[in-house]
Amino acid sequence: MDHFITIADTPTEELEHVLDVAARLRVDRNSGQTNNPVLAGKSLAMLFEKPSLRTRVSFEQAVYELGGHAVHLLQQEIGIGKRESAADIAQVLSGMVHGIMARVFEHAKLEQMAEAGSVPVINALSDDSHPCQALADIMTMRDEFGHDLSGRTLAYVGDGNNVAKSLAWMCGKLGLRFVIAAPDGYKLPDTLLETIREGCRGADVDQIDDPHQAVRDADAIYTDTFVSMGQEDEKQQRLTVFADYQVNQTLLDAAPDHVIVLHCLPAYRGVEITADVIDGPSSRVFPQAHNRLHGQKGLLAVLMGGC
Ligand code: CP
Ligand code: NVA
């Protein structure tokens, strides 16, 4: 694996390897051991065009715990595509650091960096996808249901966005059933689901209108904001369109008793999810957020640490 830009482009065995390394590193950490400093002497440049709490802190801490150094760069400092091109930035950084992670609007900038640079490029969220989030999401489901998730159902309720797209691919690759309930105009492209079915043998990925139907056999219900970063101008329209797609107790009542609730965060209580659900007994959103640290440690150890 040279880069981590999409789940689609990452072979299933590499995803499994990253998840295994992540789980091992987490066991060591939780038993009080320090992890082997596999990033000693190495640096990761972290480029952000958009705000972040979880991604920024979990990556910085992950690099620190693996013995490396993180350099945090904001868009107002470096101006990706404004002050200089993504390709030039990647060529410069490749002579100074050992990896680049970037949170960008246009997904193409990540591809341009990977093409022009000579160090691993990690997608820390683009308008297209959020693959690091999907690593933590699978870790959280494994924590609940065991290592083999094949045949489990992840029901995603809400916007067919970057997070949904990475999850659909992850489920297709690892053998989970993925169903998204979204209103027309906000579903995933049908061609994407077709590509997943073609690319992942036996993939069971589907999309429907009705959230209650989607969660009927769900092991996990997942939602995300209805208004992603960069869509603020569409806020009023989106809140209207998604009014019937809230994850609330009535929706949970339509799901099996053992269902868990996931959300990548940040959450807007009372909008896409109610406070009683996100703070209630079915919610796993905070362990899920903590797994961002562990998932990305696995990723960095494999991509940059030779594990
Ligand atoms: N889930 C997630 O990526 O959170 P941040 O936007 O805070 O990094
Ligand atoms: N879909 C959201 C995810 C935030 C982590 C966004 O892109 O803003």
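No chain of hydrophobic side-chain contacts below 4.5 Å, direct or via other Ile, Leu, Val, Met, Phe, Trp or Tyr residues, connects Val302 to Ile100. Linking Ile, Leu, Val, Met, Phe, Trp and Tyr residues whenever their side-chain heavy atoms come within less than 4.5 Å leaves Leu53 and Phe59 in two separate clusters. Follow the hydrophobic side-chain contacts under 4.5 Å out from Ile5 and you never reach Phe48; the two are in separate clusters. Leu154 and Val277 fall into different hydrophobic clusters, defined by Ile, Leu, Val, Met, Phe, Trp and Tyr side-chain heavy atoms under 4.5 Å apart, directly or through other members. Under the 4.5 Å side-chain heavy-atom criterion for ILVMFWY residues, no single connected hydrophobic cluster contains both Val163 and Val247.
With hydrogens and angles ignored, the 3.5 Å screen pairs no side-chain donor or acceptor of Lys187 with any backbone N or O of Gln207. Looking at Glu77, its side chain does come within 3.5 Å of a backbone N or O of Leu74 through a donor-acceptor pair. Side-chain atoms of Ser166 come within 3.5 Å of backbone N or O of His130 as a donor-acceptor pair. Put simply, the side chain of Arg284 gets close to the backbone of Pro281: a donor and an acceptor are under 3.5 Å apart. A distance-only check finds no donor-acceptor pair linking the side chain of Glu65 to the backbone of Thr34 [under 3.5 Å]. Side-chain atoms of Arg238 come within 3.5 Å of backbone atoms of Phe226 as a donor-acceptor pair (strictly under, hydrogens ignored). Under the 3.5 Å distance criterion, the side-chain polar atoms of Ser228 are left unmatched by any main-chain donor or acceptor of Gln231. A distance-only check finds no donor-acceptor pair linking the side chain of Asn291 to the backbone of His294 [under 3.5 Å]. In this structure, Glu272 contributes its side chain and Thr223 its backbone to no donor-acceptor pair below 3.5 Å. Ser283 places no side-chain N or O within donor-acceptor distance of the main-chain N or O of Asp279, the cut-off being under 3.5 Å.
Rounded to the nearest 0.5 Å, atoms CD (Gln288) and CD1 (Ile260) are 8.0 Å apart. To the nearest 0.5 angstrom, Asn161 atom CG is 4.5 Å from Asp224 atom CG. Atoms CZ and CG, on Arg26 and Leu293 in that order, are 10.0 Å from each other to the nearest 0.5 Å. Distance CZ/Phe4 to CG/Leu15: 6.0 Å, rounded to 0.5 Å. Lys173 NZ to Thr10 OG1: the interatomic distance, rounded to the nearest 0.5 Å, is 6.0 Å. How far CE of Met46 is from CD1 of Ile122: 10.5 Å, rounded to the nearest 0.5 Å.
A 4.5 Å side-chain heavy-atom check between Ile80 and Met113 finds at least one atom pair inside the cut-off. Residues Ile278 and Leu265 have side chains in contact (heavy-atom distance under 4.5 Å, counting atoms from C-beta outward). In this structure, His3 and Glu115 have side chains that are not in contact, with every pair of non-hydrogen atoms separated by 4.5 Å or more. With contacts defined as side-chain heavy-atom distances shorter than 4.5 Å, the pair Tyr186/Val241 qualifies. At least one side-chain heavy atom of Leu125 sits less than 4.5 Å from a side-chain heavy atom of Met229. Under the 4.5 Å side-chain criterion, counting only non-hydrogen atoms from C-beta, Arg177 is in contact with Asp217. Taking 4.5 Å as the limit, every side-chain heavy atom of Glu49 sits out of range of all side-chain heavy atoms of Glu106. The closest side-chain heavy-atom distance from Leu299 to Met1 is below 4.5 Å.
More than 12 non-hydrogen atoms from other residues, nucleotides or ligands lie less than 6.0 angstrom from CZ of Arg269. Within 6.0 Å of the CG atom in Asp253, the count of heavy atoms belonging to other residues, nucleotides or ligands exceeds 12. Environment of CG in Asp209: crowded, with over 12 heavy atoms of neighbouring residues, nucleotides or ligands closer than 6.0 Å. Counting non-hydrogen atoms of other residues, nucleotides and ligands closer than 6.0 Å to CG of Asp233 gives a total of 12 or fewer.
Judged by distance alone, the side chains of Asp276 and Thr274 do bring a donor and an acceptor atom under 3.5 Å apart. With 3.5 Å as the limit, one finds no donor-acceptor pair spanning the side chains of His107 and Asp127.
Using a cut-off of 4.0 Å between Lys/Arg side-chain N and Asp/Glu carboxylate O, Glu232 and Lys50 are scored as not salt-bridged. Ionic pairing of Asp28 and Lys297 is not present here: no N-O contact between side-chain nitrogen and carboxylate oxygen is shorter than 4.0 angstrom.
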field: Criterion salt bridge (charged side-chain N to carboxylate O under 4.0 Å, His left out) on Glu194 and Arg197, from CA distance to verdict
entry: CA-CA 5 Å; Glu194 206 41 57; Arg197 288 185 200 112; 3.0 Å; yes
